Amino acid sequence: MFANIIDGRSIALQVQQDLLPRIAALKARGHPPGLAFVRVGEDLASKVYVGRKEKACADLGIYSKTHVMAEKTTEAELLQVLHRLNGDVALHGILVQSPLPSHIRSERVYSAVNPDKDVDGFHPVNMGKLVLGDTTGFIACTPAGIRELLIRTDIKIQGTNVVVLGRGNIVGKPLAILLCQKQKHANATVTLCHSGTRDLKAHCLRADILVAAMGVPEFVRADMVKPGATVVDVGVNRVSDPSAKTGSRLVGDVAFDAVQKIAGRITPNPGGVGPMTIAMLMQNTVLAAERASGRET
Ligand code: NAP
């Protein structure tokens, strides 16, 4: 028996299709949604990610504008650009692509984005609202996308044991908080594992839903998965592969071929969580525009 594949690409497409009438309504009222991207430096992966997000905007008819800044940009210069974007009424969302050069403090940068335009959900106000269960904030796109994948594939979250591997601020920690909320499509018992966790495998084997967000290539093996469990692979890792044209290839945090034989449902990688992250960014941008125009759906 092989696990059912959770098709992130087609679910992301559905999410984006659902946004079309909302975008049309905003335009009809004279409030076309707008999203600013800020990219600092020439990191290749960042270029690819911003390019995909720009394309999603273009496909949906969301206005977007990209600011490319040199690697040597100072923190003060970047903050100045964010200040200007915060005041631009045509832009409802601002996304600063990570990673930032090491001389720039990402916490300072995320805190400088107006929380009402923080469609990435990294501002302390939005993180705080998530912790408090206040739904008026923005939820970080990857955790929001993972929850949406589960909802749209009818995977029950309520009452299940969820194990999240990795306590990063962008994925693991906000996801753990999101899924343990006393709310619809949540209310799970969540275990958050990290490098200090003892007997990590024993935790994994108790998971009804196992989410790997560590950045460790193929860390989750078949003997770590409860038969029939749902496995969500968030990791994006470049590993060397002499047989590949480029000498390397991307793998997830899950040993897909082996785990697929044990799991009930599994996300492919690529084609699982990645497209959902972009779809949720589009959704947050539309929501930000609706809030700015004084009407939420
Ligand atoms: P991060 O901030 O570096 O966090 C990694 C976490 O994994 C840390 O909590 C770390 O533990 C834990 N960890 C690392 N090695 C471990 C080990 N051997 N055993 C147990 N725990 C371990 O990373 P992130 O930003 O959350 O990203 C995680 C992965 O998701 C990366 O591959 C990233 O590229 C990918 N990602 C994908 C998307 C997408 O849309 N598909 C979006 C964002 C990120 P400590 O805290 O103890 O150090």
Side-chain angles (χ1 to χ4, degrees), residues 6-9 11-12 15-16 37 43-53 55-56 95-100 102 105-107 109-110 119-122 127 130 138-150 162-179 190-205 207 210-221 223-225 231-239 248-256 266-284:
I6 300 172
D7 185 349
R9 282 203 183 100
I11 297 169
V15 171
Q16 296 186 183
F37 299 108
D43 178 71
L44 276 183
S46 294
K47 280 186 180 173
V48 172
Y49 289 140
V50 171
R52 285 183 191 156
K53 292 166 190 172
K55 182 177 180 308
L95 179 140
V96 183
Q97 184 62 47
S98 65
L100 289 166
S102 56
R105 292 166 289 181
S106 47
E107 324 78 64
V109 172
Y110 296 144
V119 288
D120 238 351
F122 297 158
M127 283 285 188
L130 174 65
F138 291 105
I139 302 170
C141 300
T142 305
I146 293 168
R147 183 181 58 171
E148 197 64 31
L149 268 185
L150 298 173
V162 173
V163 174
V164 179
L165 304 178
R167 60 179 157 193
N169 286 336
I170 289 175
V171 189
K173 206 185 286 174
L175 178 68
I177 294 163
L178 184 62
L179 296 185
V190 181
T191 305
L192 185 55
C193 297
H194 43 76
S195 64
T197 300
R198 265 188 291 141
D199 201 357
L200 190 137
K201 181 176 167 182
H203 289 290
C204 291
L205 282 168
L210 178 62
V211 182
M214 291 178 297
V216 182
E218 301 183 325
F219 180 91
V220 176
R221 302 179 314 268
D223 65 349
M224 297 166 76
V225 176
V231 178
V232 177
D233 187 359
V234 186
V236 180
N237 311 292
R238 187 161 287 286
V239 294
S248 67
R249 66 191 163 92
L250 292 176
V251 297
D253 283 0
V254 174
F256 183 86
I266 189 167
T267 60
N269 194 342
V273 173
M276 289 303 290
T277 299
I278 296 178
M280 301 320 283
L281 175 68
M282 298 299 115
Q283 185 168 292
N284 276 350

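Starting from 1, each residue takes its place in the sequence as its number. Remember, predicted model here, so these are calculated numbers, not experimental data. Start at 1 and go down the list; that is how both ligands and their atoms are numbered.
Near N237, the atoms of ligand 1 lying under 4.0 angstrom from a non-hydrogen atom of the residue are 32 (O). The ligand atoms of ligand 1 that sit less than 4.0 angstrom from a heavy atom of F219 are 18 (N).
In terms of protein heavy-atom proximity, atom 42 (C) of ligand 1 is closest to T142 OG1, 3.3 Å. Looking only at heavy atoms of the protein, atom 9 (O) of ligand 1 is closest to R167 N, 2.8 Å. For atom 43 (C) of ligand 1, the closest non-hydrogen atom of the protein is V171 CG2, 3.6 Å. When hydrogens are left out, the protein atom nearest atom 31 (C) of ligand 1 is G215 CA, 3.7 Å; that is the closest non-hydrogen contact. Closest to atom 15 (N) of ligand 1 among all protein heavy atoms lies V216 CG2, 3.4 Å. When hydrogens are left out, the protein atom nearest atom 3 (O) of ligand 1 is M214 O, 4.8 Å; that is the closest non-hydrogen contact. Nearest protein heavy-atom contact of atom 36 (N) of ligand 1 is V234 O, 3.7 Å.
In this structure a side-chain-to-backbone donor-acceptor pair under 3.5 Å is missing from D253 to F219. In this structure, D120 contributes its side chain and F122 its backbone to no donor-acceptor pair below 3.5 Å. Of the possible donor and acceptor atoms, one in the side chain of D233 sits under 3.5 Å from a partner among the backbone N and O of V254.
Of the candidates V236, T277, V251, it is V236 that places a heavy atom closest to atom 33 (C) of ligand 1. For atom 4 (O) of ligand 1, the nearest non-hydrogen atom from the set S98, G168, G274 comes from G168. Comparing M276, H194, M280 by heavy-atom distance to atom 21 (N) of ligand 1, the nearest is H194. For atom 25 (O) of ligand 1, the choice among L165, D253, I170 with the nearest heavy atom turns out to be I170.
Nearest heavy atoms, G252 versus N237: O-ND2, 3.1 Å. Here the shortest heavy-atom pairing between R238 and S248 reads NH1-OG, 2.8 Å. Counting all heavy atoms, side chain and backbone alike, G272 lies closest to L149 at O-CD1, 4.1 Å. The two residues R9 and P270 make their nearest non-hydrogen contact at NH2-CB, 4.1 Å. Taking both residues in full, the closest heavy atoms of C204 and L210 are given as SG-CD1, 3.9 Å, listed atom of the first, atom of the second, then distance.
Applying the side chain to side chain contact (heavy atoms under 4.5 Å, CB included) test between L175 and each of I146, T142, I139 identifies I146 as the sole match.
In this structure, atom 27 (O) of ligand 1 has its sub-4.0 angstrom surroundings free of protein heavy atoms. Counting protein heavy atoms under 4.0 angstrom from atom 40 (O) of ligand 1 gives one or more. Within the 4.0 Å cut-off (strictly below), no protein heavy atom is located near atom 23 (O) of ligand 1.
Shown here are the salt bridge (Lys or Arg N to Asp or Glu O under 4.0 Å) partners of R221, two or more places apart in sequence or in another chain: D223.
A distance of 11.5 Å separates CG in N169 from OG in S98, rounded to the nearest 0.5 Å.
With no hydrogens or angles considered, a side-chain donor-acceptor pair links K53 and Q97 at under 3.5 Å.
On a distance-only criterion, S195 and ligand 1 share at least one N/O pair closer than 3.5 Å. Residue-to-ligand polar distances keep G166 apart from ligand 1: every N/O pair is separated by 3.5 Å or more.
Heavy atoms of A213 approach ligand 1 to within less than 4.0 angstrom.
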